[in-house]
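Okay, so here's the structure we're looking at.
Computed from a predicted structure; not experimentally measured. In each ligand, atom 1 is the first atom listed, and ligand 1 is the first ligand listed.
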Amino acid sequence: MIKKDTFDKEKFKKELESNVRMLFRRKLEEATPQQIYQAVAYSVKDDIIDNWIETHKAYEKQDKKMVYYMSMEFLMGRALGNNMINLLCYDDVRETLEELGLDLNLIEDQEPDAALGNGGLGRLAACFLDSLATLGYPAYGCGIRYRYGMFKQKIENGYQVEVPDNWLKYGNPFEIKRDEYAVEVKFGGYVDVEMHNGRQKFVQKGYQSVRAVPYDMPIVGYGNHIVNTLRIWDAEAINNFNLDSFDKGEYEKAVEQENLARTICEVLYPNDNHMAGKELRLKQQYFFISASVQRAIAKYKETHDDIRKFHEKVTFQLNDTHPTVAVAELMRILVDEEGLEWDEAWEITRKTCAYTNHTIMAEALEKWPIELFSRLLPRVYQIVEEINRRFVIEIQNKYPGDQEKIRKMAILYDGQVRMAHLAIAGSYSVNGVARLHTDILKKRELKDFYEMMPEKFNNKTNGITQRRFLLHGNPLLASWVTDKIGDDWITNLDHLKHLKVYVDDEKCQQEFMNIKYQNKVRLAKYIKEHNGIDVDPRSIFDCQVKRLHEYKRQLMNILHVMYLYNEIKAHPDMDIVPRTFIFGAKAAAGYYTAKLTIKLINAVADKINNDPSINGKIKVVFIEDYRVSNAELIFAAADVSEQISTASKEASGTGNMKFMLNGALTLGTMDGANVEIVEEVGKENAFIFGLSADQIMEYEKNGNYNPRDVYNNNQDVRQVLTQLVNGFYSPENPELFRALYDALLEKDTYFTLLDFDSYKEAHNRIDAAYRDEEHWARTAMLQTASAGKFSSDRTIEEYAKEMWHLEKVTL
Ligand code: CR6
């Protein structure tokens, strides 16, 4: 039990009034909801600042090792509620605001999500920061302060429309600009060799540069006074040229530098699991990495004088290959600026960097054309060449005469820089994000690397923070859990297992399902407000919310809905438990098939929801603009969690864990972390279907799957596929969904048709199971009770102990 600090309601009210006056020249009664949000946020920030200062003093004094979590994405969501929760003042603030006639929920809704990420990878980074602070580990998150985050999704006529996410419109009350830590980052130009004290020195010349300026956001630990930092970098123009000068060259260069600064941090690339290969993206990568590495070294040198021991105090965790240029940038600084010999520098680098792989999807693997890479980063490229030269020699020594190994493993190959290979060569650790995923890396995708350096490889199964996804997102369930087993689960999720003694208790079952019901009412209200659709909270809430991607198979889900609809139409008396199919997903802006799938879901929804003849037996809802804040409502309300990716393709998944924690039963394939979820909860308590990862990979190897065989032999499949191209769901344009039809029949890359029957049968099992209320309640409760393993606190403890070797700070 963590003891609450005393909260002074009157003081808080005064602060609030004073903030509204200072910020907006208004009285509290006159303030808009947005202004009240800002005022509350500033009061909360005020509570944070002293702890923030103290935490950093303690880090310096105790001289503990620090992890820099380098990530292009931090999908933070809203900060206010989370900060109040972790400061242990949420209920006090809520009550105080109530006394002023204000509703905290409405105030929280004023805050835009900080959506500096696409999906799982970015949200994982956010959960990790929460856990690091809560566990008291010294840590920085390092990223980019995109002026526009993940786009807002509007649905117009069933289609996704992307709207810019101007999240900084009203300013960000939690951030602090740290001008004093600005650094210069250089692009382009050429490398000159100069002699300095008899030593060659490589100097970048004729470059363009920007000023990288950090903004710090506090990351509040839960009830422990620790406040870590998320440092996101913005780019500003370097204004060191003389405006009076009419020198044309100077003027043009200045304008170019202005443009560079303006464009670099403009927008997050909205691709999940896919590399677009744009030059600006590489600029973004180098920009935030160079700035972060420069600062990390400068900070280290403030209190240490031997750069050779850098790795004893600093570790860089590379969140996927996006920050991999850190390997070369660290080498550049150590060799060019610190004057170390190559071998020394390489040893330090290899002991500093660690790499997490998040996917085996080929289209996500980052490879940069050498031409582009060397033009943009001439000195860094030279360093990559040298790393590659030496790495190839290592390979040759290990496998003399084996050209094939070099072809497969070299960093530079076929005119490209292979970022994953650079990351592996330059790291002391390579990890996957779920057991199955790591096994696939070892056995297949990274087999050669694993054979050459097995000691580097390890697994760290992902996790999620229960502070956001239960304590904040599902207050009813959170306080019920606390009533039953105390509140230790908030910082030690394993404690949830103590709920197991209650799963057969009828009263507890009723309480648990009653909370689920209330959360369903809450979501139904949201759906009514946002979609204008009435859904019945007594129906099964069957949810699939995540990025839209073919491998995640939203298409299979909607095809099954189409099949069900056909069944109900054909057998009007069919006895089925009413179902509400809930979707939420953003498609990458340029991902045609994904966008067409969204249109299909909405077309099916339109038809089914407006067909009175089926008596509302099934409903389909597409929730617009799925994001962290509305995700919390969905997880809390779900009965069924759809985790139906083609086995082997979903590295881990983390939504699956959020659903489980909130008592939803998993309908899923044996993929990613589903495997471990099922292990924890028991196979009999999940709806598992479909081909295994091994079977899928076998088909892929042999190329012996023909979707037409399924089509020819399966009348249900034939019917729904035909409905894609006969205008059943698009009378105004019967050919509208032709591309989906063709993709399924020609290749079916993601084995949708082959898994269809098994999926259908799993849905039947759900229907049957839900009729046994008691058993369902028991199983639902078991999900929550078995979710302990999936806390990001557990994941971070593993990283900290097994890889980073961090020590906790004491305040
Ligand atoms: N798209 C994986 O696909 C995993 C997260 C976090 C992903 C997903 O299965 O849970 O990372 N991969 O590890 C990438 O982004 C490359 C994701 O979010």
Lys/Arg-Asp/Glu bridge criterion (N-O < 4.0 Å) met for Lys789, Glu676
yes

So with a 6.0 Å cut-off around NZ of Lys747, is the heavy-atom count from everything else above 12?
no

Between ligand 1 and the protein, tabulate every N or O atom pair separated by less than 3.5 Å, reporting distance only.
residue: ligand 1; atom: 1 (N); partner: Asp272; partner atom: OD1; Å: 3.3
residue: ligand 1; atom: 1 (N); partner: Asp272; partner atom: OD2; Å: 3.0
residue: ligand 1; atom: 1 (N); partner: Asn273; partner atom: ND2; Å: 3.0
residue: ligand 1; atom: 3 (O); partner: Asn273; partner atom: ND2; Å: 2.8
residue: ligand 1; atom: 3 (O); partner: Tyr551; partner atom: OH; Å: 3.2
residue: ligand 1; atom: 3 (O); partner: Glu650; partner atom: OE1; Å: 3.2
residue: ligand 1; atom: 9 (O); partner: Glu650; partner atom: OE1; Å: 2.6
residue: ligand 1; atom: 9 (O); partner: Ala651; partner atom: N; Å: 3.3
residue: ligand 1; atom: 9 (O); partner: Ser652; partner atom: N; Å: 3.0
residue: ligand 1; atom: 9 (O); partner: Gly653; partner atom: N; Å: 3.1
residue: ligand 1; atom: 10 (O); partner: Gly653; partner atom: N; Å: 2.8
residue: ligand 1; atom: 12 (N); partner: His358; partner atom: O; Å: 2.9
residue: ligand 1; atom: 13 (O); partner: His358; partner atom: ND1; Å: 2.6
residue: ligand 1; atom: 13 (O); partner: Asn462; partner atom: OD1; Å: 2.8
residue: ligand 1; atom: 18 (O); partner: Gly120; partner atom: N; Å: 3.3
residue: ligand 1; atom: 18 (O); partner: Leu121; partner atom: N; Å: 2.8

By side-chain hydrogen bond (donor to acceptor under 3.5 Å, both in side chains) - contacts of Thr597 (at least two apart)
none

In chain order, what residues pass the side-chain hydrogen bond (donor to acceptor under 3.5 Å, both in side chains) check against Asn319, with sequence neighbours excluded?
Tyr69, Ser71, His358

Going by the angle between their ring planes, with limits at 30° and 60°, are His763 and Tyr759 parallel, tilted or perpendicular?
perpendicular

Which pairs pass salt bridge (charged side-chain N to carboxylate O under 4.0 Å, His left out) with one or both residues in residues 137-150, sequence neighbours excluded?
Arg145-Glu175, Arg145-Asp234, Arg147-Asp234, Arg147-Glu266

